[in-house]
Visitor: 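The structure's right below; bear with me while I get my questions together.
We're numbering straight along the sequence, starting at 1.
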Amino acid sequence: MTTSYKLVEHEYDVLVVGAGGAGLRATFGMAVSGLSTACITKVFPTRSHTVAAQGGMSASLGNMGPDDWRWHMYDTVKGSDWLGDQDAIEYMCREAVPAIVELEHYGVPFSRTDEGKIYQRPFGGMTTEYGEGIAQRTCAAADRTGHAILHTLYQQSLKHNAEFFIEYFAVDLLMDDDGTCCGVIALDMASGELHRFRAHQVLLATGGYGRAYFSCTSAHTCTGDGNAMVLRAGLPLQDMEFVQFHPTGIYGSGCLITEGVRGEGGYLTNSQGERFMERYAPNAKDLASRDVVSRSMTIEINEGRGIGEENDHIHLHLEHLGAEVIHERLPGIAESARIFAGVDVTKEAIPVIPTVHYNMGGIPTNHHGQLVNLVNGDPDTVVPGLMAIGEAACVSVHGANRLGSNSLLDLIVFGRAAAHRAAELVKPHTPHRPLPDHVTDQVLSRFDAVRYADGSVPTAELRLNLQKTMQTHAAVFRTGDSLSTGLEKVKSLNKQFADIKVTDRSLVWNTDLIETLELSNLFPQAIATVASALNRPESRGAHARDDYQERNDEEWMKHTLVNVSEQGEVSIDYRPVHMNTLTDEVEVFPPKARVY
């Protein structure tokens, strides 16, 4: 294979795969520290999915009332349903304030209060005094916060001379015989050339895999390519059973309506015009955490109080806020509702439904962004040469359920942390050791097999079957029966991949080939999700089992580690939850009932 494909060679100190918020923060952080830095990305950086993040980024600035990073930490631990690692959560919440100030200095145009301070809005699950009051903690740039952050970070990366390889598709990791990651092979989609990138640290910032589901808020590019590369390298993923449904995706399209709408005073009603959240979360109401609101909406629909011809959605109201507030603080939402639902939000409600939004699970890492694995009884063994951050990673600060506005924070804090760690580990311009031919050959052989696949099943048809199976069998409510059936169906569909049909054999802008490679990445993650969910007989956070409705801390307060072979065979192990803090400035928050 190494003779069949001519490879363009590159050598860098560090290589970042993905140019969303996490990837760009790491890219420019590494470039600033003097490391030769490359970033490869399958879409133009400012089209990465971070651009769609609306509501904001949490930090205990205290601009709109008293706040403390310890309160933020408590909320995040509680939101995670006590599956989050408390050392990593402490690190994230402590670093939130300097991270926000840094972003402001780089040029992020945050919305302002009358005094000129960064504007902060309430968000679900964010409280003061350890759950007593409602916190205004989420720093916002209207309802286009991700857009503002992404553009600023790209400018900073260019300013510090990071090199970008744009519209390159990462095919696979190059793993040496001793288990060290040495680089990546990627396809330049515009020229059709294959490139071999060598690096001392490879950082995966490839986002989530929302497109394994039929209805999701994610871009079509969100296929979790980094997660799949890690599985093919024989390494596990962590906590894949925890998939967050955002309560308010636009009915029909799945397009996101930010939680910031409810933060600004929006509320949900059923077919009887009733504000039903008071029944399920008497204190937080519409600002309970996302898993609670999603399940409450689903119960209303299942009990016959849904709206529409098929009684299958809920109404979200913001018309009472007035046109002035809407156009100042939620202009993007007004536009999305008009385009995707045909609704004028100043006069009528938006039809919404819980929609797949975020993957809590992903590549297991420590709070420096380094990959960790269970080896010889040590659950924190570092995998040399490999890092992961953002939605692709599982640090785990989100545990079983992520709080809204903690994701942008996660991207920035751990992008920054990974850049610091890479600068400590890599001496600039260190020579690269030789790479055995069979390492490259293995990657090219798999690529070639997909390119020349000549079966009978079209990629689009198989992908749709996978997405509908996941939507049906691994949704807001789960049972052992539905998950068992789902696992058999997904494994059966995975076997059909051997009969996939790629009609275009070329290499230049071959969308047929790229979509097939993406589908090959979605399958092992879908299997990991359903198998992990079936394996966890409890309800915790976003993982709600109808047949096991209680949380079981005695047996299941642990992280799932799942390996999936190319044939779809699953093996499961565990890592302990870190019930320790990094400093003595805060104590561990012991588990208790999670009520809002």
Side-chain angles (χ1 to χ4, degrees), residues 51-56 121-124 138 140 142-147 210 213-219 244-278 280-281 284-302 305-358 404-405 471 476:
V51 82
Q54 297 169 353
R121 57 167 54 114
F123 239 67
T138 298
D143 59 358
R144 298 186 176 116
T145 315
H147 180 277
Y213 283 82
F214 178 66
S215 177
C216 66
T217 64
S218 311
Q244 181 170 86
F245 282 71
H246 196 291
T248 54
I250 294 178
Y251 175 68
S253 73
C255 184
L256 176 66
I257 296 295
T258 176
E259 197 167 313
V261 167
R262 284 170 287 134
E264 296 293 349
Y267 61 86
L268 299 161
T269 61
N270 59 21
S271 59
Q272 297 162 13
E274 176 192 18
R275 290 188 62 174
F276 56 85
M277 278 311 302
E278 298 171 8
Y280 302 97
K285 298 175 185 168
D286 296 86
L287 283 174
S289 71
R290 289 174 174 177
D291 59 323
V292 172
V293 180
S294 292
R295 280 197 293 278
S296 305
M297 292 169 68
T298 304
I299 290 168
E300 290 295 305
I301 291 166
N302 290 347
R305 293 185 292 277
I307 291 167
E309 287 179 19
E310 298 182 32
N311 304 324
D312 58 352
H313 59 273
I314 294 292
H315 271 162
L316 173 62
H317 297 267
L318 58 157
E319 60 269 27
H320 61 288
L321 299 176
E324 192 176 331
V325 169
I326 290 169
H327 293 308
E328 181 193 343
R329 295 183 186 167
L330 302 165
I333 289 307
E335 184 181 14
S336 294
R338 187 174 67 250
I339 293 168
F340 293 103
V343 163
D344 177 352
V345 295
T346 63
K347 295 175 183 168
E348 51 196 328
I350 309 171
V352 291
I353 191 168
T355 304
V356 170
H357 179 59
Y358 189 87
S405 73
Q471 198 79 27
V476 175

Visitor: Are any non-hydrogen side-chain atoms of Phe245 and Val293 less than 4.5 angstrom apart?
Guide: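 No, their side chains stay 4.5 Å or more apart.
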Visitor: Which atoms form the tightest heavy-atom contact between Gly254 and Thr217, and what is the distance?
Guide: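 Closest heavy-atom pair between Gly254 and Thr217: O-CG2, 3.3 Å.
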Visitor: Looking at residues at least two apart in the chain, or sitting in another chain, which of them share a salt bridge (charged side-chain N to carboxylate O under 4.0 Å, His left out) with Asp312?
Guide: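 Per chain and number, Asp312 pairs via salt bridge (charged side-chain N to carboxylate O under 4.0 Å, His left out) with no residue.
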Visitor: Partners of Arg305 by salt bridge (charged side-chain N to carboxylate O under 4.0 Å, His left out), sequence neighbours excluded?
Guide: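 By the salt bridge (charged side-chain N to carboxylate O under 4.0 Å, His left out) rule, Arg305 matches Glu300, Glu303.
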Visitor: How many angstroms lie between atom CZ of Phe340 and atom CG of Leu256, to the nearest 0.5 angstrom?
Guide: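 If I round to the nearest 0.5 Å, the distance is 11.0 Å.
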Visitor: Checking side chain to side chain donor-acceptor pair (under 3.5 Å) against Glu259, which of Gln54, Arg121, Arg290 comes through?
Guide: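 For Glu259, the side chain to side chain donor-acceptor pair (under 3.5 Å) check succeeds only for Arg290.
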Visitor: With rounding to the nearest 0.5 Å, note down the distance linking OG in Ser296 to CD1 in Ile314.
Guide: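 Output value for this atom pair is 10.0 Å.
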Visitor: Would you find more than 12 non-hydrogen atoms of other residues, nucleotides or ligands less than 6.0 Å from Gln272 atom CD?
Guide: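 More than 12 heavy atoms, drawn from other residues, nucleotides or ligands, come within 6.0 Å of this atom.
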Visitor: When rounded to the nearest 0.5 angstrom, what is the spacing between CG in Leu321 and OH in Tyr267?
Guide: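 These two atoms lie 9.0 Å from each other.
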Visitor: Can you tell me if CZ on Phe276 sees more than 12 non-hydrogen neighbours from other groups inside 6.0 Å?
Guide: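 Counting other residues, nucleotides and ligands, CZ of Phe276 exceeds 12 neighbours.
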Visitor: Do you know which of His317, Arg275, Arg262 makes side chain to side chain donor-acceptor pair (under 3.5 Å) with Asp286?
Guide: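 Going through His317, Arg275, Arg262 one by one, the side chain to side chain donor-acceptor pair (under 3.5 Å) with Asp286 is satisfied by Arg275 alone.
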Visitor: Report the C-alpha distance between Ile301 and Asn311 in whole Å, list the side-chain angles of each, state the deciding distance to 0.1 Å, and finish with yes or no for side chain to side chain contact (heavy atoms under 4.5 Å, CB included).
Guide: CA-CA 7 Å; Ile301 291 166; Asn311 304 324; over 6 Å; no
Visitor: Could you go step by step and tell me if Tyr280 and Ile299 meet the side chain to side chain contact (heavy atoms under 4.5 Å, CB included) rule?
Guide: CA-CA 10 Å; Tyr280 302 97; Ile299 290 168; 3.4 Å; yes
Visitor: Could you check if a side-chain atom of Thr298 sits within less than 4.5 angstrom of a side-chain atom of Pro354, using non-hydrogen atoms only?
Guide: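 SC-SC contact between Thr298 and Pro354 confirmed.
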Visitor: Can any side-chain N or O of Asp143 pair as donor or acceptor with the backbone N or O of Gly332 at less than 3.5 Å?
Guide: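 Side chain of Asp143 to backbone of Gly332: a pair is present.
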Visitor: Report the residue from His315, Glu274, Met277 that forms a side chain to side chain contact (heavy atoms under 4.5 Å, CB included) with Thr269.
Guide: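 With Thr269 as partner, side chain to side chain contact (heavy atoms under 4.5 Å, CB included) holds for just one option, His315.
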Visitor: Taking all non-hydrogen atoms of both residues into account, name the closest pair between Val343 and Ala349 and its distance.
Guide: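 Closest pair (atom of Val343, atom of Ala349, distance): CG1-O, 3.5 Å.
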Visitor: Looking at every non-hydrogen atom in both residues, tell me the closest pair between Ile250 and Ser336 and how far apart they are.
Guide: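 In terms of heavy atoms, the two residues are closest at CD1-O, 3.8 Å.
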Visitor: Between the side chains of His246 and Thr355, does any donor sit under 3.5 Å from an acceptor?
Guide: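 Per modelled atom types, His246 and Thr355 side chains form no pair under 3.5 Å.
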Visitor: Does some side-chain heavy atom of Pro351 sit less than 4.5 Å from a side-chain heavy atom of Ile307?
Guide: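 Ile307 does not reach Pro351 side chain to side chain.
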Visitor: Search all heavy atoms of Ala288 against all heavy atoms of Ala281 and return the closest pair with its distance.
Guide: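 Minimum heavy-atom separation between Ala288 and Ala281: CB-CB, 3.7 Å.
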Visitor: Could you go through the side chain to side chain contact (heavy atoms under 4.5 Å, CB included) check for Val261 and Thr248 one step at a time?
Guide: CA-CA 10 Å; Val261 167; Thr248 54; over 6 Å; no
Visitor: A side-chain contact here means heavy atoms from C-beta on lying under 4.5 Å apart; do Arg144 and Pro331 qualify?
Guide: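 Arg144 reaches Pro331 side chain to side chain.
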Visitor: Mind checking the OG-CD spacing from Ser215 to Gln471? Nearest 0.5 Å is all I need.
Guide: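 If I round to the nearest 0.5 Å, the distance is 5.0 Å.
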Visitor: Output yes when Glu319 and Lys347 qualify as a salt bridge under the 4.0 Å nitrogen-oxygen rule, no when they do not.
Guide: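 Result for this pair is no, no salt bridge flagged.
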Visitor: Taking all atoms of both residues into account, what is the closest heavy-atom pair of Ala334 and Ile326, and its distance?
Guide: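 Closest approach of Ala334 to Ile326: CB-CG2, 4.1 Å.
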Visitor: Of all heavy-atom pairs between Thr346 and Asp344, which one has the smallest distance, and what is that distance?
Guide: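 So the two residues come closest at OG1-OD1, 2.6 Å.
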Visitor: Run Glu264 and Leu330 through side chain to side chain contact (heavy atoms under 4.5 Å, CB included) and show every step you take.
Guide: CA-CA 9 Å; Glu264 296 293 349; Leu330 302 165; 4.3 Å; yes
